[in-house]
Amino acid sequence: RSQSIRKSAQDPEIVEKFGKCWLFMDRQDKADDNAEHLYRWMMHNAESGQKIYYALDRKSPDWDRLAREGFNLIPHRSRQFYLALFNAEWVLSSHYQHHVFDPMYIRDIFGIPDYKFAFLQHGIMTHDMSKWVLPKKIDLFVTSTCKEYESIVCGNYKSTEREVVLTGLPRHDELLKKRAKAKKEKIIMVCPTWREHLCKPHIHDLPEASESLEFAKSDYYQSWNAVTSSSELSSIAQEYGYKFIFLPHPYTSRLTSLFEYSDSFTCVRYSDIETIQDLLAKSAMLITDYSSVGMEAAFAGLPLIYYQFKETPAFFSSHTVVNGYFSYEKNGFGPVVTYLSELISCLSHDM
């Protein structure tokens with residue numbers, strides 16, 4: 001199939017349509033990230049004649065929204081997608097996953113197509129992700145803070161100032177605009193990240209019974225379930241008129257039915273919302289453990305609490321990342337608590 005597509009990609013009509021195009025992508029099934037925001041900027045500011053396309057699963061809930069806005073959409077993994085990929089000058093994505101922008105692994109194996117890759121990032125890197133980054137070919141690496149930039153250029157990434165740029169994330173401008181205009185509500189977002197040893201990165205598959213059982217026994221589940229089911233937190237929220245929105249990482253969303261929820265908690269999945277920016281813009285506070293959403297909340301001016309309970313195995317010994325330049329105690333944007341009682345005390349004080 002790859003040979004057939006490669007031959008078709010050289011057809012003059014196809015080259016006319018896709019030659020030297022810029023192909024944007026976020027997740028294959030979800031937009032609402034830096035590629036979407038940069039594409040939108042390009043729509044209104046790009047030099048005349050630059051061909052731009054946005055790839056997305058046709059079944060994505062974001063498809064119709066972006067189509068109404070005038071995005072040049074290409075169904076992910078369609079023939080058009082591969083023809084654009086073979087002719088692309090740049091692929092620009094907030095995620096670096098082979099199955100997203102190289103589903104047939106032909107670039108990984110044969111070095112073709114020869115487009116350049118711009119890593120727009122999904123968030124601000126506070127941890128050392130060099131082991132994950134090193135095998136990947138990145139021609140342009142976007143960063144947002146001086147410390148993040150220095151950690152990549154001077155750290156273990158083997159990247160230089162030729163590839164790494166300090167620009168900020170494309171979605172940040174829009175976040176600030178939305179935050180300034182939004183009507184603030186008494187919403188506390190609870191956004192834990194995932195754990196590699198507990199969650200398989202397949203957000204649509206239902207968990208197997210053995211996976212659910214192992215997850216329910218974990219410190220991660222028991223600690224966060226104690227939060228979502230806490231009658232004390234619920235009473236405090238009701239007293240002051242607040243509500244909690246539990247929005248875990250997409251990889252954990254498959255397991256959210258295992259959690260117990262008090263009357264003050266509502267569980268929301270990323271697939272249920274158009275954009276997380278609308279939630280961040282109107283919320284009053286965010287609670288997380290290590291999620292990069294915390295940096296987004298801080299950028300928008302929300303107070304934060306880091307709930308970093310004791311767990312076995314420890315977060316940095318069992319994840320895709322290791323501890324980096326960022327200290328939550330020294331550099332964080334709110335208190336770091338270890339126990340539920342401390343979390344309740346912080347919330348009681350701040351409400």
Side-chain angles (χ1 to χ4, degrees), residues 178-179 182-195 198-199 212-213 215-273 275-312 315 328-329 332-351:
K178 287 190 173 186
R179 180 69 176 170
K183 181 181 179 181
K184 307 305 185 287
E185 300 180 24
K186 290 188 173 183
I187 294 172
I188 299 174
M189 295 177 64
V190 181
C191 301
T193 192
W194 63 299
R195 299 296 187 271
L198 293 174
C199 305
S212 297
L213 184 62
F215 183 78
K217 292 190 297 183
S218 69
D219 294 325
Y220 176 89
Y221 167 78
Q222 292 179 20
S223 296
W224 283 115
N225 188 61
V227 172
T228 60
S229 64
S230 171
S231 58
E232 196 167 353
L233 279 179
S234 182
S235 296
I236 293 170
Q238 290 175 15
E239 180 181 353
Y240 292 98
Y242 281 81
K243 61 180 179 180
F244 293 96
I245 290 183
F246 185 58
L247 180 66
H249 190 279
Y251 290 170
T252 312
S253 63
R254 304 163 53 247
L255 298 151
T256 50
S257 61
L258 300 178
F259 289 86
E260 303 164 287
Y261 302 98
S262 71
D263 292 339
S264 297
F265 266 86
T266 300
C267 179
V268 177
R269 300 182 183 187
Y270 278 86
S271 57
D272 298 330
I273 58 177
T275 168
I276 189 175
Q277 288 197 338
D278 290 341
L279 266 179
L280 287 169
K282 65 184 180 181
S283 291
M285 180 184 290
L286 185 135
I287 300 169
T288 187
D289 45 11
Y290 307 94
S291 174
S292 63
V293 178
M295 296 294 279
E296 299 294 296
F299 186 79
L302 273 71
L304 266 73
I305 299 176
Y306 300 100
Y307 182 38
Q308 297 177 353
F309 44 84
K310 295 179 180 178
E311 56 184 314
T312 303
F315 177 75
Y328 288 91
E329 289 77 14
F333 300 93
V336 180
V337 300
T338 306
Y339 301 99
L340 178 58
S341 58
E342 295 175 315
L343 178 61
I344 292 172
S345 178
C346 281
L347 285 170
S348 301
H349 180 268
D350 290 338
M351 283 184 179

(request) For Tyr328, check side-chain hydrogen bond (donor to acceptor under 3.5 Å, both in side chains) against everything at least two apart and list the hits. (result) His127
(message) Test of understanding: with salt bridge (Lys or Arg N to Asp or Glu O under 4.0 Å), list the residues that count as partners of Asp278, not counting sequence neighbours.
(response) Lys178
(request) Kindly write out the residues that satisfy side-chain hydrogen bond (donor to acceptor under 3.5 Å, both in side chains) with Thr275, not counting sequence neighbours, or none if the list is empty. (result) Asp32
(message) I'd like to check the side chain to side chain contact (heavy atoms under 4.5 Å, CB included) partners of Ala226; sequence neighbours left out, ordered by chain and number.
(response) Leu340
(request) Determine which pairs satisfy side-chain hydrogen bond (donor to acceptor under 3.5 Å, both in side chains) with at least one residue from residues 334-343, sequence neighbours left out, and list them in order. (result) Lys310-Tyr339
(request) Report the residues that fulfil side-chain hydrogen bond (donor to acceptor under 3.5 Å, both in side chains) with Glu311, sequence neighbours left out, ordered by chain and then residue number. (result) Arg195
(message) According to side chain to side chain contact (heavy atoms under 4.5 Å, CB included), who are the partners of Leu258, at least two apart in sequence or on a separate chain?
(response) Ser212, Phe215, Tyr221, Leu255
(request) Not counting sequence neighbours, list each pair that qualifies as a side-chain hydrogen bond (donor to acceptor under 3.5 Å, both in side chains) and has a residue in residues 293-309. (result) Arg171-Glu296, His172-Glu296
(request) Please identify each residue that fulfils side chain to side chain contact (heavy atoms under 4.5 Å, CB included) with Ser262, with sequence neighbours left out. (result) Ser234, Ser264, Phe265
(message) My understanding is that only residues two or more places apart in sequence, or in another chain, count here; which of them pass side chain to side chain contact (heavy atoms under 4.5 Å, CB included) with Thr266?
(response) Val268
(request) Output all residues satisfying salt bridge (Lys or Arg N to Asp or Glu O under 4.0 Å) with Lys217, sequence neighbours left out; order by chain, then residue number. (result) Glu214
(message) I'd like to check the side-chain hydrogen bond (donor to acceptor under 3.5 Å, both in side chains) partners of Glu239; sequence neighbours left out, ordered by chain and number.
(response) none
(request) Would you confirm whether Asn225, through its side chain, and Glu260, through its main-chain N or O, come within 3.5 Å as a donor-acceptor pair? (result) yes
